[in-house]
There are 2 protein chains.
Amino acid sequence: MAVMERATETQSAYLLVRRAILAGELLPGQRLVEKELSERFRVGRAAIRTALARLEQEGLVESEPFRGARVRTIGEAEAVEILEARAALEALAAHHAAQKATPEQAEALWAIHRQMEERHRAGDLLGMSELNSLLHRTLVEISGHQTAARLIEGLRAQGVRHQFHTILVPGRPQQSLEEHRRIIAAVAAHRPEEAEAAMKAHLGGVIAALKRIGRSTL
Amino acid sequence: MAVMERATETQSAYLLVRRAILAGELLPGQRLVEKELSERFRVGRAAIRTALARLEQEGLVESEPFRGARVRTIGEAEAVEILEARAALEALAAHHAAQKATPEQAEALWAIHRQMEERHRAGDLLGMSELNSLLHRTLVEISGHQTAARLIEGLRAQGVRHQFHTILVPGRPQQSLEEHRRIIAAVAAHRPEEAEAAMKAHLGGVIAALKRIGRSTL
DNA sequence: GTCAACCATATTGTCAACAATCCGTGCGGC
DNA sequence: GCCGCACGGATTGTTGACAATATGGTTGAC
């Protein structure tokens, strides 16, 4: 990731700021002063400027005229909305994936699932979370649905912070493993409707977990 | 629309270019030379530049480094993808709308539907198409689901050109009216699942019409 | 006649300076 | 002490010039 592909400064700036936000180096609500970012990432202010415009369009940043930009804060209500939208789109992707998946692709999904089980036994929640992302991404990729892929990627970026927490709900990891198992089984067996329903159920579970967190921390 | 709300030039530029694309004044595939647009819309090149960046993020424009931007061409396959994604998200919105709709809101939907029937009797397909957009937008508004609303708006913008054609398929208007009737009925009766299914069926019908066009014109 | 290298032009990417706007601060009036 | 108000610093918005890059045509060799 450090190579950055000899692109124009503008693209670098976009990727750099985006990554910093997703990595939590720039916190929600924090002001994004153009000059500061410009110095921090060693790119011109113009590059930062268009990067911020793109990030605003993407929903990661909000800005007001003459008052600057800041990292958008996503509350629990919006996090639920984001997950609902993701559920709708990933269910669509699962549907397509179930129609198109080759045996090799199905096996790749099972392989990821086995790794998740392993991490679960090892008590490695962070590892599970990363594999979870990989699993979902792989499924979307198998679906070949580029429009859904683009939208889902944007939603995932917005939800990173909250998504991370749901795995801490007691009993959630086991449930998640079981839900994933059903999704993969449906995809591997070429049963689109079943895959779609299973994906909806899965993200419904995540939403429920998120809401439970909300109630407990209030 | 001529007033433009005393905003910054950048915002105006974004809205102007966007509107020109949606209105078909800038055709798919057409090059978007910054200087030309700058003169045409009487705004600085910097404003055009960030407008193009935003539009690219939105999926209405594509650009390559040092080679400029052009209006993105959306083929039939992608148009289908867009409609599928819309179907998933609008079904979600319909679900929420059915939970939240007040009697007044339901009546507003029926009113739009009656106008559509009227236009249909008058043979005014363009008017129907506009009312169709209004109906969908109103439904999304009722749902109160801002995340879905944002995504749907973007998808609708990308699909304008194709969407317009589906209404020309023989028998499609009547079918559309019936599908809308079911959606509204389900929303008015507070039956989320039914509303969701009806919306999916409706946009499924649009997709089928679009595919039929594809087959006939090839 | 064909092909490759080269050059002119058009266009985008970058930069630095300037103008416009917002925000906090201190001043004066009451 | 409290409120309105002007002022100054900080930050964004805009402009114009310049550098970097792609494109298309031209020239020359073969």
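Quick note on labels: first sequence line is chain A, next is B, and so on, each numbered from 1.
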Given atom [atom1] of [X] and atom [atom2] of [N], what is their separation to the nearest angstrom?
{"X": "A:Glu34", "N": "C:dT21", "atom1": "CD", "atom2": "P", "answer": "16 Å"}
{"X": "A:Glu9", "N": "C:dT14", "atom1": "CD", "atom2": "C1'", "answer": "7 Å"}
{"X": "A:Arg31", "N": "C:dG24", "atom1": "CZ", "atom2": "C1'", "answer": "12 Å"}
{"X": "B:Lys35", "N": "D:dA17", "atom1": "NZ", "atom2": "P", "answer": "12 Å"}

Open item on the list: Does D:dT14 have its OP1 or OP2 closer than 4.0 Å to a side-chain nitrogen or oxygen of B:Thr10?
Closed with: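 So the side chain of B:Thr10 is within the cut-off, an N or O lying under 4.0 Å from OP1 or OP2 of D:dT14.
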Task: B:Glu56/B:Arg70 ion pair, N-O < 4.0 Å - done: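 The answer is no: the pair does not qualify as a salt bridge.
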Task: Under the side-chain contact (heavy atoms from CB on, under 4.5 Å) test, residues paired with A:Ala47 that sit two or more places apart - done: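 side-chain contact (heavy atoms from CB on, under 4.5 Å) list for A:Ala47, sorted by chain: A:Glu9, A:Thr10, A:Ala13, A:Val43.
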Would you tabulate the side-chain donor-acceptor contacts of residues 150-161 of chain A under 3.5 Å, counting partners in other chains and residues two or more places apart, or write 'none'?
unit_1: A:Arg150; atom_1: NH2; unit_2: B:Gln158; atom_2: OE1; d: 3.4
unit_1: A:Gln158; atom_1: OE1; unit_2: B:Arg150; atom_2: NH2; d: 3.4
unit_1: A:Gln158; atom_1: NE2; unit_2: A:Glu58; atom_2: O; d: 3.4

For a quick test of your reading: what N or O donor-acceptor pairs under 3.5 Å do the side chains of residues 20-36 of chain B make, sequence neighbours left out?
unit_1: B:Glu25; atom_1: OE1; unit_2: B:Arg40; atom_2: NH2; d: 3.4
unit_1: B:Gln30; atom_1: OE1; unit_2: B:Leu27; atom_2: N; d: 3.0
unit_1: B:Glu34; atom_1: OE1; unit_2: B:Arg45; atom_2: NH1; d: 2.5

Open item on the list: What residues from residues 38-72 of chain B pass a heavy-atom cutoff of under 4.0 Å to DNA chain D?
Closed with: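 Correct list: B:Gly44, B:Arg45, B:Ala46, B:Phe66, B:Arg67.
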Task: salt bridge (Lys or Arg N to Asp or Glu O under 4.0 Å) against B:Arg119, all qualifying residues, sequence neighbours excluded - done: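 Residues passing salt bridge (Lys or Arg N to Asp or Glu O under 4.0 Å) with B:Arg119: B:Asp124.
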Would you list the atom pairs, donor with acceptor, under 3.5 Å between side chains in residues 79-94 of chain A and any protein atom, with sequence neighbours excluded?
unit_1: A:Glu81; atom_1: OE1; unit_2: B:Gln146; atom_2: N; d: 3.3
unit_1: A:Glu81; atom_1: OE1; unit_2: B:Thr147; atom_2: N; d: 2.8
unit_1: A:Glu81; atom_1: OE1; unit_2: B:Thr147; atom_2: OG1; d: 2.7
unit_1: A:Glu81; atom_1: OE2; unit_2: B:Gln146; atom_2: N; d: 3.3
unit_1: A:Glu84; atom_1: OE1; unit_2: B:His96; atom_2: NE2; d: 3.1
unit_1: A:Glu84; atom_1: OE1; unit_2: B:His145; atom_2: NE2; d: 2.8
unit_1: A:Glu84; atom_1: OE2; unit_2: B:His96; atom_2: NE2; d: 3.4
unit_1: A:Arg86; atom_1: NE; unit_2: A:Glu90; atom_2: OE2; d: 2.8
unit_1: A:Arg86; atom_1: NH1; unit_2: A:Gln163; atom_2: OE1; d: 3.2
unit_1: A:Arg86; atom_1: NH2; unit_2: A:Glu90; atom_2: OE2; d: 2.8
unit_1: A:Glu90; atom_1: OE1; unit_2: A:His136; atom_2: ND1; d: 2.8

